[in-house]
Engineer: 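Sharing a structure, written as structure tokens. Questions coming.
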2 protein chains.
Amino acid sequence: METILPKFDSVFSIDCVIFGFQANELKILLIERNEEPFKGWRALPGYIVKKDESIDDAAERILYELTGLRDLHMEQFHTFGDVDRHPQGRVITIAYYALIRIDVQKELKPVTNIAKSAFWYPVNELGKLPFDHAKVFETGFQKLRRRLGYQPIAFELLPEKFTLTQLQTLYEAILNKKLDKRNFRKKMLSYGFLKELDEKQKGVSYRAAKLYRFDRRKYNKIFQNELSING
Amino acid sequence: METILPKFDSVFSIDCVIFGFQANELKILLIERNEEPFKGWRALPGYIVKKDESIDDAAERILYELTGLRDLHMEQFHTFGDVDRHPQGRVITIAYYALIRIDVQKELKPVTNIAKSAFWYPVNELGKLPFDHAKVFETGFQKLRRRLGYQPIAFELLPEKFTLTQLQTLYEAILNKKLDKRNFRKKMLSYGFLKELDEKQKGVSYRAAKLYRFDRRKYNKIFQNELSING
DNA sequence: AAGATAAGGTGTAATTTTTACACTAAGTAA
DNA sequence: TTACTTAGTGTAAAAATTACACCTTATCTT
């Protein structure tokens, strides 16, 4: 039983792959669609770009409208333009990604009724996604993995104060690979952009770990050098 | 004296940044525009995507029509979507890049009259370009530079048989940086994907250098490992 | 309060990779 | 034959990476 849908002209859309880290799991932000096609499905937050807004602005607006989240730094990572990727006509989508701290404060609540709800969902349990969203997600995940290797982006996913074990667990989740504890710590600390705090973890039923904070100033120094290649 | 131009609806376009290496200089492929706006200007080869073709197909077609070049592997690298980037209306452009051997055999000859001509132009002498083409080029160049660090793409720019000095000169042109001859050779040879030939350079008025060929099978092995990160 | 449990935290030696550095060899041209 | 130009080569020091295991500290249980 298929619904008959109107055809539309060429349009641009935005899809967002927003990463978060919660309960030692890597998650992305999904919505439940409230529109055909794929009404009721879990999908990446995405919608159509207006004629009078830049694609970067559109990405921000669409994410906000569909999830209630604002003011995060999104970055474009790929454009998907197969002819038949949308059943209703030609839709080229520009995919954006961002990393954010999952925070109980930040309520997820769509402000349009294009989405029924928005929620965090583990990347390992995505199941079937509509359109080419599986491919979009996979491309974004690869981008994240690669970028982790040359930019210390992990801190955007962690709470402001974190333990080295949390940091390591996050790296392991993104890279899908076990890392050596001593070497990991040695390396991370050697960069010099982690500030050790006079505080310890709370609420754990074992020896509490020291907390660290990310020092953006020192990070920037290292990031500047990042492009340099040996001569 | 401004020409009055028709406004058009939202459209997608493709722009191409095609790199080549000639006379020890890094060059890109430009066309002379034969259409308003910017008629007569040097510009990146670019045009509008048709409704019934994927963006990848469009990129190939457009490059062919504007320059006569075919069958090169292009890859998307960024999408430019500012509202006012095109004077006639909303045009979002998807930028592609490729590396090719500049070859006297391959004639540059537009097959439409959208372009008056096509030619190689040194990246260091680009001057003013129309639209946001300067930004498009710069982004593509950065992408090239970065990619050189993790994929042996230099061989796509060199003739099939090349000397180590040519290879080094190319690296230096892309990275804009002098490299140490002994260390460069040691490193390149250590990868094991360069095959030393029983041939020497010809036509030089000094000691001829050995020629090498790139061994794609071994390259693939190394490229497979490329994503691995220390554990 | 003693013991069990669970994660926190630490150092070293071997190996590999990177860096800095300068002269002789070979071919061509005058 | 000599001058010129680029080809081609090795080594030692420094830095980065890897592999690897045990004691410490806090909490919870009995």
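Below, read A as the first sequence line, B as the second, and so on, with proteins coming before strands; counting in each chain starts at 1. The figures that follow rest on heavy atoms only: side chains count, while hydrogens, waters and symmetry mates do not.
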Engineer: D:dT11, D:dT24, D:dA7: which one has an atom nearest the side-chain heavy atoms of B:Lys186?
Structural biologist: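 The answer is D:dT11, which lies nearest to the side chain.
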Engineer: Of the nucleotides C:dG8, D:dT17, D:dA7, which has the atom closest to the A:Lys187 side chain?
Structural biologist: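 Comparing C:dG8, D:dT17, D:dA7 against the side chain of A:Lys187, the answer is D:dT17.
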Engineer: As a quick check of understanding, evaluate salt bridge (charged side-chain N to carboxylate O under 4.0 Å, His left out) for B:Arg85 and B:Asp15, giving each step before the final call.
Structural biologist: CA-CA 13 Å; B:Arg85 56 173 299 285; B:Asp15 282 309; 3.7 Å; yes
Engineer: Charged N to carboxylate O below 4.0 Å: is that the case for A:Arg213 and A:Glu160?
Structural biologist: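 A salt bridge is present here (some side-chain N lies under 4.0 Å from a carboxylate O).
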Engineer: Among C:dA20, C:dG11, D:dG8, which is the nearest nucleotide to the side chain of B:Asn183?
Structural biologist: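 Nearest nucleotide to the side chain: C:dA20.
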Engineer: Rounded to the nearest 0.5 Å, what separates atom OG in A:Ser13 from atom CZ in A:Phe131?
Structural biologist: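 CZ of A:Phe131 is found 8.5 Å from OG of A:Ser13.
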Engineer: Do the charged groups of B:Asp56 and B:Arg61 touch, with an N to O distance under 4.0 Å?
Structural biologist: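 No, B:Asp56 and B:Arg61 are not salt-bridged.
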Engineer: Between C:dG9 atom P and A:Tyr206 atom OH, what is the distance in whole Å?
Structural biologist: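 The distance from OH of A:Tyr206 to P of C:dG9 comes to 11 Å, rounded to the nearest Å.
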Engineer: So which one's nearest nucleotide on DNA chain C is more toward 5', B:Lys200 or A:Lys200?
Structural biologist: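 The answer here is A:Lys200.
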Engineer: Would you mind reading off the distance between A:Glu196 atom CD and C:dG8 atom P, rounded to a whole angstrom?
Structural biologist: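 Those two atoms, CD and P, are 14 Å apart.
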Engineer: For A:Val204 and B:Ala208, take the nucleotide of DNA chain D holding the closest heavy atom to each; which residue's nucleotide lies nearer the 5' end?
Structural biologist: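 First, find each residue's nearest nucleotide; the 5'-ward one identifies B:Ala208.
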Engineer: Whole angstrom is fine here: how far is it from CD in B:Gln201 over to C1' in D:dG8?
Structural biologist: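 In whole Å, D:dG8 C1' and B:Gln201 CD are 13 Å from each other.
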Engineer: From C:dT28, C:dG9, D:dG10, pick the nucleotide closest to the side chain of B:Arg182?
Structural biologist: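 Output: D:dG10.
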Engineer: Whole angstroms only, please: what is the CD-P distance between A:Gln168 and C:dA7?
Structural biologist: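 Atom CD in A:Gln168 sits about 13 Å away from atom P in C:dA7.
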Engineer: Counting any heavy atom closer than 4.0 Å, what does B:Thr163 reach on the DNA or RNA strands: base, sugar-phosphate only, or nothing?
Structural biologist: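 Counting heavy atoms under 4.0 Å across all strands, no contact is made by B:Thr163.
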Engineer: Should B:Ser205 be listed as having a side-chain N or O under 4.0 Å from OP1 or OP2 of D:dC4?
Structural biologist: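 For D:dC4, neither OP1 nor OP2 has a side-chain N or O of B:Ser205 closer than 4.0 Å.
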Engineer: Heavy atoms only, 4.0 Å cut-off, all strands: where does A:Thr165 land among base, sugar-phosphate and nothing?
Structural biologist: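 Counting heavy atoms under 4.0 Å across all strands, the contact made by A:Thr165 is with sugar-phosphate only.
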Engineer: Report the distance from atom CG of B:Asp180 to atom C1' of C:dT18, rounded to the nearest whole Å.
Structural biologist: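 From B:Asp180 CG to C:dT18 C1': 11 Å.
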Engineer: Within this structure, what is the CZ-to-P distance between A:Arg207 and C:dA7, rounded to whole angstrom?
Structural biologist: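 About 13 Å, once rounded to whole Å.
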Engineer: How long is the line joining NZ of A:Lys181 and C1' of D:dT18, in whole Å?
Structural biologist: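 Those two atoms, NZ and C1', are 17 Å apart.
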Engineer: Strictly below 4.0 Å, N to O, side chains only: are B:Arg70 and B:Glu60 in salt-bridge contact?
Structural biologist: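 B:Glu60 and B:Arg70: not salt-bridged.
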Engineer: In whole angstroms, how far is the C1' atom of C:dT19 from the CG atom of B:Leu179?
Structural biologist: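 Result: 13 Å.
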